[in-house]
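I have placed the structure first, in the form of C-alpha cells, so that the comments after it can refer back to it.
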Amino acid sequence: MYQRTDALVLKSFDLRETDQILTLFSRELGKISVVAKGVKKPQSTLRGLVQPFCYSQFFLTRTGEMHLITQGRLGEFFGNIREDLDKTLQALYVLELLDKSTVERDPNPALLNLTLQVLRYIENNPVSSVSLRFYEMKLLGAVGFAPVLDRCSNCHKADDLIYFSRASGGAVCNSCATESSAVRILPATLAVLRTLQHSGLSILPRLRLNPSVLEQTEKVLEDYLEFYLERKLNLKSVMRTLKGVR
Ligand SMILES: [Zn+2]
C-alpha cells in the first residue's frame, strides 16, 4: 500500500551500512518511524531530504509494522537555520520538544503547522529565546495542557494571581497558594505568559522583556512542561546550552 504524506524529519539514525531509520512527524499519520533504504549511497535521491528539520513530501510503502520511503520531494530546507549554530540549537530544541510531547500515530496537523511557523520564524529573525517560550506555550495548548492564566486554577477567582502552581494547572491566587509546588511570580511574568498564550508570532519582535521576567517565564514553562509531559525530557541539557542565547 502506497501513501503520500507531508512530513517534518525529527531525527535519524544509521541502520546497517547504507540505510537509516527516520522519525517523521507526518501531517496525515502523526509521528512515525520509517526506513530510508540506501540513503547513504552517494547516488541516493533521498539524501537531501532526510536531515533534521527538512519538511518534505514522502511516498511511503508499508511492510508489516514498518514504513519504507520509496521517493520524496523536498519542500523546505531551512538553510538559514543550518548556517547559524544558535538557530540550529533552537530548532533542535523545537524538534526534541515535539518528539517528547507526542506519541506515535496520533496525527496533529495544528501542531505540525505551529512547528513549521516557529521554524520559519527562527529562520527569518534574529535569535531570541522568546520564540522558544512561544513554542512551548502553544505546544502545551496543542496537546491539551494549556495552563489556566486568567483566573485562579484552584478557586477560579480572578484577583490576586501572584503564584503559579504546576500541580493546580496554572496561576493561583494568594489564598490558594498553600501547596508546595506553588511559586510566587511577578505580575509581568503572568502578563508575558498570557501574551504568549493568546497572541500570534507577530507579537514577538515587539515584546520587550527584562531579564528577570524572561528568566522566570522560562523557569515556569520548563517546570510545567516537565510536570505535564510526564516524560524524562532531555530538555534540561539543551536548555542549559541555550541559556546564553537571548
Ligand atoms: Zn484561588
Side-chain angles (χ1 to χ4, degrees), residues 90 93-94 96-103 106 108-115 117-118 121 128-240 242-243 245-246:
Q90 289 204 327
Y93 172 75
V94 164
E96 174 84 8
L97 194 52
L98 176 60
D99 188 16
K100 292 292 200 295
S101 59
T102 48
V103 293
D106 181 19
N108 190 336
L111 182 53
L112 177 61
N113 290 341
L114 167 72
T115 306
Q117 273 176 18
V118 169
Y121 185 89
S128 153
S129 65
V130 184
S131 52
L132 300 184
R133 305 294 84 81
F134 176 88
Y135 184 68
E136 291 165 346
M137 181 61 92
K138 295 296 194 198
L139 174 133
L140 282 165
V143 299
F145 290 125
V148 175
L149 299 171
D150 56 349
R151 59 187 189 279
C152 174
S153 50
N154 191 45
C155 73
H156 311 302
K157 207 172 73 169
D159 323 307
D160 279 337
L161 300 177
I162 53 172
Y163 287 86
F164 188 93
S165 162
R166 56 187 200 176
S168 299
V172 281
C173 73
N174 198 20
S175 23
C176 290
T178 47
E179 46 98 8
S180 58
S181 83
V183 290
R184 186 141 185 160
I185 55 168
L186 300 162
T189 302
L190 182 60
V192 171
L193 291 169
R194 286 173 172 167
T195 301
L196 294 175
Q197 192 172 62
H198 295 300
S199 306
L201 271 168
S202 57
I203 194 82
L204 297 190
R206 284 179 279 146
L207 276 181
R208 294 280 171 264
L209 306 178
N210 75 43
S212 57
V213 171
L214 199 58
E215 195 180 316
Q216 196 172 57
T217 303
E218 181 178 331
K219 180 84 180 69
V220 164
L221 281 169
E222 182 184 340
D223 286 350
Y224 189 87
L225 276 164
E226 280 194 328
F227 189 79
Y228 276 92
L229 299 180
E230 289 183 284
R231 302 283 183 92
K232 195 103 182 81
L233 296 192
N234 185 24
L235 294 177
K236 292 232 166 170
S237 60
V238 185
M239 281 177 140
R240 250 174 246 126
L242 290 171
K243 286 270 169 172
V245 182
R246 288 284 175 251

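Throughout, residue positions are numbered sequentially from 1 according to the sequence presented. Atoms within each ligand, like the ligands themselves, are counted from 1 in listed order. Computation of the quantities below employed the complete heavy-atom set of this structure, encompassing side-chain atoms and omitting hydrogens, waters and symmetry-equivalent molecules.
- With Q216 contributing its side chain and L190 its backbone, the two residues share no donor-acceptor pair below 3.5 Å.
- In this view, Y224 and F164, Y228 satisfy the ring-ring contact (aromatic ring centres under 6.0 Å, His included) rule, not counting sequence neighbours.
- Checking side-chain atoms of K138 against main-chain N and O of L111 turns up no donor-acceptor pair under 3.5 Å.
- Here the closest heavy-atom approach between residue C152 and residue C173 is recorded as SG-N, 3.4 Å.
- Note on the Zn ion (ligand 1): protein N/O/S atoms under 2.8 Å are C152 SG, C155 SG, C173 SG, C176 SG.
- Closest approach of Q197 and A146 over heavy atoms only: NE2-CB, 3.8 Å.
- Salt bridge present: E136 and R133 bring a charged side-chain N and a carboxylate O closer than 4.0 Å.
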